[in-house]
Amino acid sequence: MAAGRLWGVGVGPGDPELVTVKAARLIGAAEVIAYHCARHGRSNARRCAAPYLRGDQIEEQLVYPITVETTDHPGGYRGALDDFYAEAAARLAAHLDAGRDVVVLAEGDPFFYGSYMHLHERLAHRYRTEVVAGVTSMAAAAAALGRPLVERDEVLTVLPGTLAPEQLARRLADTDAAAVLKLGRTFTAVRDAAETAGVLDRLHYVERVSSDAQRAEPLASVDPASVPYFSLALLPSPLAASTMDREAVAQRQPSTGHGEVVVVGLGPAGRPWLTPEVQEALAGASDLVGYGPYLDRVPPNARQRRHPSDNRVEAERAAYALDLAHAGARVAVVSSGDPGVFAMASAVLEVACEPRWKDVPVRVLPGLTAAQAVASRVGAPLGHDYCVLSLSDRLKPWDVIASRLASAAAADLVLAIYNPASRSRTWQVAAARDLLLEHRAPDTPVVLGRDVGGAGERITVLRLAELDPSLVDMRTLLLVGSSQTRLVERGDGNRVVFTPRRYPA
Ligand code: SAH
């Protein structure tokens, strides 16, 4: 009797519609379907193939011995795996010897880091064997992102995340496009290598690509603890990226042919408060303009020019950014928090409205403002009507500030006070406190949020009468409650501050 045939069949990355017509036909025809799976018996490959199974076929589950834990096998983990593959090959050989065709399901493509290869090595020389190519996770990831992988004479490098970090960094620095597979516990090493190579901001993270559980986001913003093995990092074609971005800009501004200025907010501190939209704009910029310490919060990229400045002369900075854009640059002007809150957006627009720059496109992308971040740390002090005010008398006279403070206090608004002090402005906090005390009870709750989200974060809750200027610096935001704002100690000993939704009639 003739022996059966062995098929190594790629079933694609997850979506059953990405199984090839040939694979589907073979899966439906074989007498034996084999697939690798973990102890719990679930198999991604089988899930891809499920719609094409007949239901009356013999299924051979090849259950991995263990994954990474230690083993008491004399040959160590390697030895245990060798035994496992030898035993799996013997099980399949028995079917083949009995004349049964065997399809081994392989996730993605069988010859692309697939476990199928271990069976192929052991069986292909003994039985008629054919391998059916599958759609790789790498190809599916590029498709999912809508980003070309390589074009013209660009080089694509495929890397296992298990490489040594120096090797990863060297290879990433030396290629145009890349796919890094086997992420899981290698994630942090891969991210660090990408940072060393200067490509972190171009790197995309894609998990369980093409399945219902697909997740894709900029790799820099991914929490390492959340990364499963079924994920990869993709560095798409830089050439395609620049053409696509150019086209996107051209579509928005068909007539000018100029560069553009994007004014972005980085949030009050840290990656978690940086929006994906802003990250993308930063990644697409050729030039970064902003106050030095804010620019320092953007990971360096050798491709980009940085133009740090001090935090005064906003108009000059705006004019500089507009000039760069006029000459064709894609300029990101960075602010902390939201760019529209005591920051660069108005400054840029004011200058951009001068005739000389009237054709330079300007976009503003929002960020989380400090008041929201500080408020969230204590509860919901901004839960009702509130007023946002800068205590700096650099750009407006103190008289105006004093009268606005008094009006807001008289209107019983909660106050969010930005720029309360600086090295040279030291008396304003006490003056503001005394003014407010004319309208507010001495025990009105006040929240001081310093460097919220940053390394120097400090939250202080006190009574208005206790507001001491020595507690306040330029990295502090003040929230002053209304007559309704409550400070309550809860069961766990934590104090919360909130302003009720309802105002008494
Ligand atoms: N555009 C920024 C505000 C710029 S004005 C925003 O939307 O948040 C600068 C003031 O913002 C500081 O003096 C301080 O009052 C406040 N601020 C900014 N970041 C802060 C942070 N992380 N913690 C507390 N206050 C902050």
Side-chain angles (χ1 to χ4, degrees), residues 262-275 277-278 281-282 288-298 309-315 317-318 321 332-350 364-379 381-382 386-396 401 404-405 408 414-429 432-433 446-462 467 469-480 497:
V262 189
V263 193
V264 304
L266 300 178
R271 280 266 167 193
W273 286 338
L274 181 63
T275 69
E277 183 183 44
V278 168
L282 289 170
L288 302 182
V289 172
Y291 177 41
Y294 298 160
L295 282 189
D296 291 344
R297 287 173 51 194
V298 182
S309 61
D310 70 15
N311 64 353
R312 282 180 288 262
V313 289
E314 288 175 346
R317 221 181 313 163
V333 174
V334 303
S335 284
S336 83
D338 180 85
V341 179
F342 309 125
M344 285 303 293
S346 316
V348 169
L349 285 171
E350 207 176 326
V364 177
L365 303 182
L368 180 72
T369 189
Q372 263 72 52
V374 172
S376 71
R377 288 297 200 243
V378 294
L382 305 180
Y386 69 97
C387 155
V388 172
L389 204 116
S390 168
L391 212 60
S392 169
D393 51 359
R394 218 165 41 72
L395 301 172
K396 63 187 172 204
I401 299 174
R404 286 183 182 175
L405 276 172
V414 173
L415 284 96
I417 302 179
Y418 287 71
N419 297 311
S422 73
R423 231 166 277 143
S424 55
R425 286 188 302 107
T426 49
W427 55 265
Q428 284 84 347
V429 169
R433 175 199 59 205
V446 171
V447 180
L448 307 184
R450 181 178 186 278
D451 191 23
V452 171
E457 169 163 339
R458 194 178 62 216
I459 303 287
T460 314
V461 180
L462 37 71
L467 176 54
S470 72
L471 299 169
V472 177
D473 66 5
M474 69 185 275
R475 296 167 77 186
T476 307
L477 180 107
L478 252 61
L479 300 178
V480 180
V497 180

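Because the structure is predicted, anything quoted here is derived from the model rather than measured. When a ligand or atom number is given, it counts from 1 through the structure's own listing order.
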Any N or O of V452 that comes nearer than 3.5 Å to an N or O of ligand 1? yes
Do any N/O atoms on R450 end up under 3.5 angstrom from N/O atoms on ligand 1? no
On a heavy-atom basis, which atom in V429 and which in P420 lie closest, and how many Å separate them? CG2-O, 3.4 Å
Salt-bridge criterion met for D451 and R458 (N-O under 4.0 Å): no
Could you tell me whether F342 and ligand 1 have an N or O pair separated by under 3.5 Å? no
Polar contacts were defined as any N/O atom of the residue lying under 3.5 Å from an N/O atom of the ligand; does this apply to D338 and ligand 1? yes
Report yes if A343 has an N/O atom closer than 3.5 Å to an N/O atom of ligand 1; otherwise report no. no
Can you tell me how far CG of L477 sits from CG of N419, rounded to the nearest 0.5 angstrom? 9.0 Å
Heavy-atom nearest neighbour in the protein, as seen from atom 11 (O) of ligand 1, with distance rounded to 0.1 Å: Y418 CD2, 3.4 Å
Test item, P420 contacting ligand 1 (heavy atom, 4.0 angstrom): yes
Test of proximity, P339 against ligand 1: N or O pairs below 3.5 Å: no
G449 near ligand 1, heavy-atom distance under 4.0 Å? yes
What protein heavy atom is closest to atom 3 (C) of ligand 1, reported as residue, atom name and distance in Å? V341 O, 3.5 Å
Write down the atom of G265, the atom of V278, and the distance for their closest heavy-atom approach. O-CG2, 3.6 Å
Please report the shortest heavy-atom distance between P469 and R433, naming the atom on each side. CD-NH1, 4.1 Å
Report yes or no: does a heavy atom of G454 sit under 4.0 Å from some atom of ligand 1? no
Can any side-chain N or O of Q372 pair as donor or acceptor with the backbone N or O of L368 at less than 3.5 Å? no
Give me the nearest non-hydrogen protein atom to atom 14 (C) of ligand 1 as residue plus atom name, then the distance to 0.1 Å. T476 O, 3.3 Å
Under 4.0 Å from ligand 1, counting heavy atoms only, is it the side chain of L478, its backbone, both or neither? neither
Side chains of T369 and Y418: do they bring a donor and an acceptor to under 3.5 Å? yes
For atom 2 (C) of ligand 1, which protein heavy atom lies nearest, and how many Å away is it? S336 O, 3.2 Å
With backbone taken as N, CA, C and O and side chain as the heavy atoms from C-beta onward, which portion of E457 lies under 4.0 Å from ligand 1: side chain, backbone, both, or neither? neither
Closest non-hydrogen atom pair, M344 against V334: CG-O, 4.3 Å
Ignoring hydrogens and geometry, is there a side-chain-to-backbone donor-acceptor pair from R317 to D310 under 3.5 Å? yes
Please report whether ligand 1 has a polar contact with A370, defined as an N or O pair separated by less than 3.5 Å (distance criterion only). yes
Give the atoms of ligand 1, by number and element, whose distance to some non-hydrogen atom of G337 is under 4.0 Å. 2 (C), 6 (C), 7 (O), 8 (O)
Atom 12 (C) of ligand 1 has as its nearest protein heavy atom M474 O, 3.2 Å
Is there a polar contact, in the sense of an N or O pair closer than 3.5 Å, between Y294 and ligand 1? no
Looking at CG of L467 and CG of L462, how far apart are the two atoms once the value is rounded to the nearest 0.5 Å? 6.5 Å
Atom 10 (C) of ligand 1: closest protein heavy atom, distance to 0.1 Å, is N419 OD1, 3.6 Å
